[in-house]
Amino acid sequence: GNRYQLQDLGLGVTAERWGLGDKEDIASYLIKKGVCPSEIPREWLLPYCHKDVELSYELFLKQRDTLVKDNLLHLALTRNLTVAALTDMEFNPCELDADAVNDVYYKSVKEFQELEVGLSALAEGVNMNSSKQLATFLYDTLGFTPPIDKRTKEPIKTKGGALSTTVDTLSLLESQTSEQDKFLTMYKRRNRLSALLTKNLEFFKAVVDEREGRFIGKFNMGNTQTHRLSSSGVPIKLKAFSEPKAPQLQNLPRELKYLFTAHDEGWVVVESDGAQLEYRVAVDLGRDKVGYKEICEGVDIHAVTAQVLSDAGEPTTRQEAKSRTFTPLFGGGGKTKAEKNYVEFFRDKYAGITETQRQWALATASKGWFQTPYGMRFYFPGTKMQASGYITNSTSIFNFPIQGYSTGEIIPIALVYLWHRTKDKPVVLWNTIHDSVAARVREDFVSEYEDIAKQSFTYDVYKHLKEVYEYSFRVPLGLGIKAAKRWSDTKEEVSINVWADGRETRSTK
């Protein structure tokens with residue numbers, strides 16, 4: 001996934017790279033020029049097809065030998081098993097709630113227009129789409145301090161030398177006056193609404209109006225650097241747009257999940273979600289004793305984060321702390337003094353995780369890649385240790401194995417077992433996003449589905465990892481299950497924890 005030099009994975013290029021020649025011939029040339037295969041003479045086309053099949057098979061044999069040699073065959077097996085489940089899910093449409101879509105669409109349009117008027121009045125006619133005018137207004141009129149580039153220690157600027165006004169740059173602005181605060185609040189909300197409308201709501205509205213609220217997408221494997229799934233769309237021609245729109249099933253804004261529903265009477269949407277999966281994976285990979293003890297005892301780690309930040313002079317609620325709890329896990333250093341204090345607290349407390357990540361970074365600085373305890377290899381050529389002791393690419397090195405193991409291996413494993421166990425049941429699996437699986441389930445089958453989900457996300461994962469990966473996962477695996485007419489549209493959640501030795505806890509909150 002993160003071997004940048006291997007981005008072209010087409011059959012011809014890959015076969016040539018493996019010493020099998022290429023598939024260039026007259027039929028290949030015509031197809032590349034846009035000639036439909038039905039227009040190509042059969043005596044030219046058949047040899048091209050035969051060569052495709054032969055190259056694919058020869059390539060498979062060579063790659064399989066390498067997988068065996070490098071002890072990577074178990075990873076390929078999990079991906080091959082996942083293909084069947086994903087292929088089936090791609091034919092199961094997403095179903096939108098028409099009333100909910102219309103309601104949020106019109107409200108969002110109205111609020112966006114009001115914010116545009118308000119910002120225009122506040123900025124006295126400044127064109128928000130003009131970076132030059134916006135920069136003058138922000139840094140001269142309102143007096144914002146330009147954000148600093150961490151590498152150069154200078155204000156962030158464009159290639160032309162002007163102060164930057166990109167969305168990412170403006171997200172770093174800190175208000176010091178009531179006028180600055182008012183502008184930032186309105187501007188960020190306006191940008192958020194603009195993104196929701198253009199990326200999601202306008203498409204959802206058209207699907208509700210023209211396609212009875214149903215659309216499909218497709219999943220991609222091997223496209224992300226961490227090896228977790230991604231998604232792209234099947235282009236749909238809608239009257240509302242001049243060009244076909246291609247929806248995607250990943251990265252759906254959490255605030256819009258409730259727009260998805262089960263159209264059939266007597267069916268509900270059930271979401272099965274791996275509980276704190278990335279944290280639990282980090283604890284297991286690091287064999288961290290403190291983390292293991294806290295997970296077993298049910299310690300509220302977000303409450304601990306809030307307390308540490310508050311003690312450092314930054315009063316914080318548990319809810320506010322949640323977004324910062326695992327920042328150190330992925331190489332974040334914190335922005336404020338209190339956050340930096342928390343990062344040091346986290347790294348000292350979870351010494352097993354910290355040391356394991358450090359060893360990954362040292363190995364990468366030595367040879368340009370490292371192998372995780374579960375067998376995956378990640379490549380970072382050019383990684384170096386600087387004079388300060390900092391190892392370049394550390395953020396990704398810390399992050400990739402944790403994301404990769406949790407959402408690139410464990411969730412697909414759970415999905416495979418869940419798919420097989422529900423094939424003849426009143427269950428329709430239609431989406432998986434990072435650490436969760438969404439399904440439409442007949443209402444009278446929800447209780448049984450919860451038991452199947454528990455089996456798939458815990459016992460089956462433990463067994464698969466031990467027998468296929470030869471990895472004994474020790475930390476309890478957790479699962480949260482929500483059932484409602486609309487996706488995640490409920491506060492009630494069934495929480496399940498299962499230990500490798502078979503112990504279980506279950507609660508409803």
Side-chain angles (χ1 to χ4, degrees), residues 104-203 251-256 309 312-317 319-328 330-343 390 395-396:
V104 71
Y105 172 78
Y106 288 118
K107 284 182 178 177
S108 297
V109 169
K110 183 174 183 292
E111 185 183 356
F112 179 79
Q113 291 172 342
E114 290 172 348
L115 286 168
E116 286 279 80
V117 172
L119 282 168
S120 179
L122 187 65
E124 298 179 354
V126 170
N127 181 2
M128 291 293 168
N129 295 317
S130 166
S131 56
K132 183 177 180 180
Q133 291 186 39
L134 183 57
T136 300
F137 176 68
L138 289 173
Y139 303 118
D140 295 341
T141 306
L142 289 182
F144 275 108
T145 300
I148 302 298
D149 187 313
K150 290 182 179 180
R151 292 179 296 103
T152 64
K153 308 301 180 184
E154 296 290 332
I156 301 174
K157 294 184 177 180
T158 65
K159 290 182 179 179
L163 290 172
S164 174
T165 59
T166 65
V167 173
D168 288 340
T169 301
L170 298 192
S171 70
L172 302 174
L173 292 176
E174 296 182 6
S175 58
Q176 303 294 330
T177 68
S178 58
E179 191 174 23
Q180 289 178 347
D181 188 60
K182 182 179 179 181
F183 170 81
L184 271 188
T185 300
M186 294 174 66
Y187 187 74
K188 288 180 178 180
R189 179 59 181 165
R190 175 254 195 195
N191 287 345
R192 179 59 181 162
L193 284 171
S194 176
L196 289 175
L197 284 164
T198 57
K199 294 180 180 180
N200 301 104
L201 292 177
E202 290 175 351
F203 173 78
N251 300 322
L252 289 169
R254 185 177 295 272
E255 66 218 82
L256 299 183
L309 290 170
E314 192 173 306
T316 310
T317 65
Q319 187 61 35
E320 292 169 341
K322 288 179 74 172
S323 63
R324 290 179 278 181
T325 294
F326 299 120
T327 296
F330 303 116
K335 296 178 182 178
T336 67
K337 183 178 179 180
E339 287 177 348
K340 291 177 181 178
N341 180 73
Y342 170 70
V343 168
Y390 175 76
T395 300
S396 295

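Every value quoted in this text rests on a predicted model; they were computed, and no experiment measured them. When a residue number appears, it is its place in the shown sequence, counting from 1.
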Do Ser130 side-chain atoms and Val126 backbone N/O form a donor-acceptor pair below 3.5 Å?
no
Any Leu256 side-chain heavy atom under 4.5 Å of Leu201 side chain:
yes
Between Thr158 and Ser131, is there a side-chain heavy-atom distance shorter than 4.5 Å?
no
Residue Glu179 excluded, over 12 heavy atoms near CD under 6.0 Å
no
Distance from Thr141 atom OG1 to Gln180 atom CD, nearest 0.5 Å?
11.0 Å
Per side chain to side chain donor-acceptor pair (under 3.5 Å), Thr336 is matched among Glu314, Glu174, Arg324 by Glu314
Minimum heavy-atom separation for Val343 and Gly334, please, with both atom names.
CG2-N, 4.0 Å
So, taking the atom named OH in Tyr105 and the one named NZ in Lys110, what distance separates them when rounded to the nearest 0.5 Å?
14.5 Å
Atom pair CD/CG of Glu202 and Leu197 - distance to nearest 0.5 Å
5.5 Å
Can you check whether Arg189 reaches Leu193 side chain to side chain, under 4.5 Å on heavy atoms?
yes
With side chains defined as the heavy atoms from C-beta onward, is the minimum distance between Ile148 and Pro155 less than 4.5 Å?
yes
Thr327 and Ser323 have their tightest heavy-atom pair at OG1-O, 3.8 Å
Side chains of Leu172 and Lys335: does their closest heavy-atom pair fall under 4.5 Å?
yes
Rounded to the nearest 0.5 Å, how far does OG1 of Thr395 lie from CZ of Phe330?
11.5 Å
May I ask you to decide whether Glu255 forms a salt bridge with Arg192, counting only side-chain N to carboxylate O separations under 4.0 Å?
yes
Side-chain contact, heavy-atom cut-off 4.5 Å: Pro253 with Leu196?
yes
Counting C-beta onward and ignoring hydrogens, is there a side-chain heavy-atom pair between Gln176 and Phe144 closer than 4.5 Å?
no
Where Lys340 and Gly333 come nearest, the two heavy atoms and their spacing
CG-O, 3.3 Å
Donor-acceptor contact present, side-chain Thr185 to main-chain Asp181, <3.5 Å:
yes
From OG1 (Thr165) to CD (Gln133), nearest 0.5 Å
11.0 Å
Beyond-backbone contact of Leu170 with Leu138, side-chain heavy atoms, under 4.5 angstrom
yes
Among Arg190, Lys182, Lys188, whose side chain to side chain contact (heavy atoms under 4.5 Å, CB included) with Met186 holds?
Lys182
Nearest 0.5 Å, what's the CG-CG distance between Leu115 and Leu122?
11.0 Å
Do you know the tightest heavy-atom contact between Tyr139 and Pro147?
OH-CD, 4.0 Å
So, Ser120 side chain and Val117 main chain: donor-acceptor pair closer than 3.5 Å or not?
no
Test Tyr187 against Leu134 for side chain to side chain contact (heavy atoms under 4.5 Å, CB included), laying out the working first.
CA-CA 11 Å; Tyr187 187 74; Leu134 183 57; 3.7 Å; yes
